[in-house]
Amino acid sequence: MIKFIGRKTLYNNLTPSLIFLEMKTLILLAGMIVLTGCSLSTSREIKHAEKMLADFQCNKIETAQMTHSSITSYHEQALAASRQKAESYPQSYKNGEELFKVPLTEVIQEQYYIYQEACQHLGGIHPAQTP
């Protein structure tokens, strides 16, 4: 039983071990709430990153008419590598690997920028909408 007297609280019939048990329970409950909130925000971030992957499109690249040079090869590799990396990051996060200290969506956005640049250099057209 707890009696409130002004600013002081008197704990009647509560032993120190019972008070410790109550505090321990409250701390565990608070920890579970924090962990649940973190996992929900990570899940939301992964879903958003996966939606961003749909924007990785480069249309109308005419490879038959393209002269193959070292620059062209570089941009072809950049196009493929940026998409591959962007696709692998959400899966890594689903497996519990946090690869970066920045949000996953920012990492995907950076790979999308590289993808856009490579697409333009290859003469392709990408959607005007950015993720």
Side-chain angles (χ1 to χ4, degrees):
M1 179 169 194
I2 302 173
K3 291 183 183 179
F4 296 100
I5 302 174
R7 291 185 156 202
K8 295 182 180 181
T9 305
L10 299 175
Y11 294 93
N12 292 336
N13 300 327
L14 291 178
T15 63
S17 61
L18 193 55
I19 292 171
F20 176 73
L21 181 63
E22 286 181 12
M23 289 175 55
K24 187 176 176 182
T25 304
L26 287 174
I27 290 170
L28 287 173
L29 181 63
M32 288 185 347
I33 290 171
V34 168
L35 290 176
T36 302
C38 290
S39 71
L40 289 176
S41 68
T42 301
S43 176
R44 222 175 293 128
E45 187 177 5
I46 290 171
K47 286 180 184 178
H48 185 246
E50 288 175 334
K51 286 180 184 178
M52 292 171 69
L53 294 176
D55 293 328
F56 279 70
Q57 298 177 24
C58 188
N59 303 318
K60 299 190 180 185
I61 296 177
E62 300 294 332
T63 56
Q65 296 175 355
M66 194 180 304
T67 58
H68 288 282
S69 67
S70 59
I71 298 293
T72 305
S73 295
Y74 169 79
H75 290 300
E76 287 174 339
Q77 289 175 359
L79 191 73
S82 61
R83 183 179 178 105
Q84 184 181 17
K85 286 178 184 179
E87 289 173 344
S88 71
Y89 295 148
Q91 188 59 45
S92 295
Y93 274 68
K94 283 180 183 178
N95 295 338
E97 300 173 45
E98 191 171 327
L99 304 174
F100 307 99
K101 293 188 187 266
V102 296
L104 178 59
T105 52
E106 287 182 27
V107 175
I108 300 294
Q109 182 67 40
E110 181 64 29
Q111 291 303 318
Y112 183 70
Y113 175 77
I114 294 167
Y115 186 87
Q116 282 181 320
E117 291 295 311
C119 179
Q120 284 179 343
H121 287 287
L122 292 171
I125 300 170
H126 57 82
Q129 178 187 9
T130 57

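Note that the numbering runs from 1 along the sequence shown for the chain.
The two residues Leu53 and Ala86 make their nearest non-hydrogen contact at CD2-O, 3.4 Å. Annotation for Tyr93 and Val102: closest pair OH-O, 4.1 Å, computed over non-hydrogen atoms.
For CZ of Phe100, the number of neighbouring non-hydrogen atoms (other residues, nucleotides, ligands) closer than 6.0 Å is greater than 12.
For the atom pair His48 NE2 and Ser43 OG, the distance stands at 13.5 Å (nearest 0.5 Å). Atoms CD and CD, on Glu50 and Glu87 in that order, are 10.5 Å from each other to the nearest 0.5 Å. To the nearest 0.5 Å, atoms OH (Tyr115) and CD (Gln57) are separated by 7.5 Å. Between the CD atom in Glu97 and the CD atom in Gln91 there is a gap of 9.5 Å [rounded to 0.5 Å]. The OH atom of Tyr112 sits 10.5 Å away from atom OG of Ser82, with the distance rounded to the nearest 0.5 Å. Atom-to-atom distance recorded for Thr72:OG1 and His121:NE2 is 11.0 Å, nearest 0.5 angstrom.
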Decide side chain to side chain contact (heavy atoms under 4.5 Å, CB included) for Ile108 and Phe56; before the verdict, give the C-alpha distance in whole Å, the side-chain angles of both, and the deciding distance to 0.1 Å. CA-CA 10 Å; Ile108 300 294; Phe56 279 70; 4.1 Å; yes

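Cluster membership check: Ile46 shares its hydrophobic cluster with Leu99, using side-chain heavy-atom separations under 4.5 Å among Ile, Leu, Val, Met, Phe, Trp and Tyr.
When side chains are defined from C-beta on, Cys58 counts as touching Leu79, because their heavy atoms get closer than 4.5 Å.
Although no hydrogens or angles enter the test, the distance criterion places a donor-acceptor pair under 3.5 Å between the side chain of Glu45 and the main chain of Leu104.
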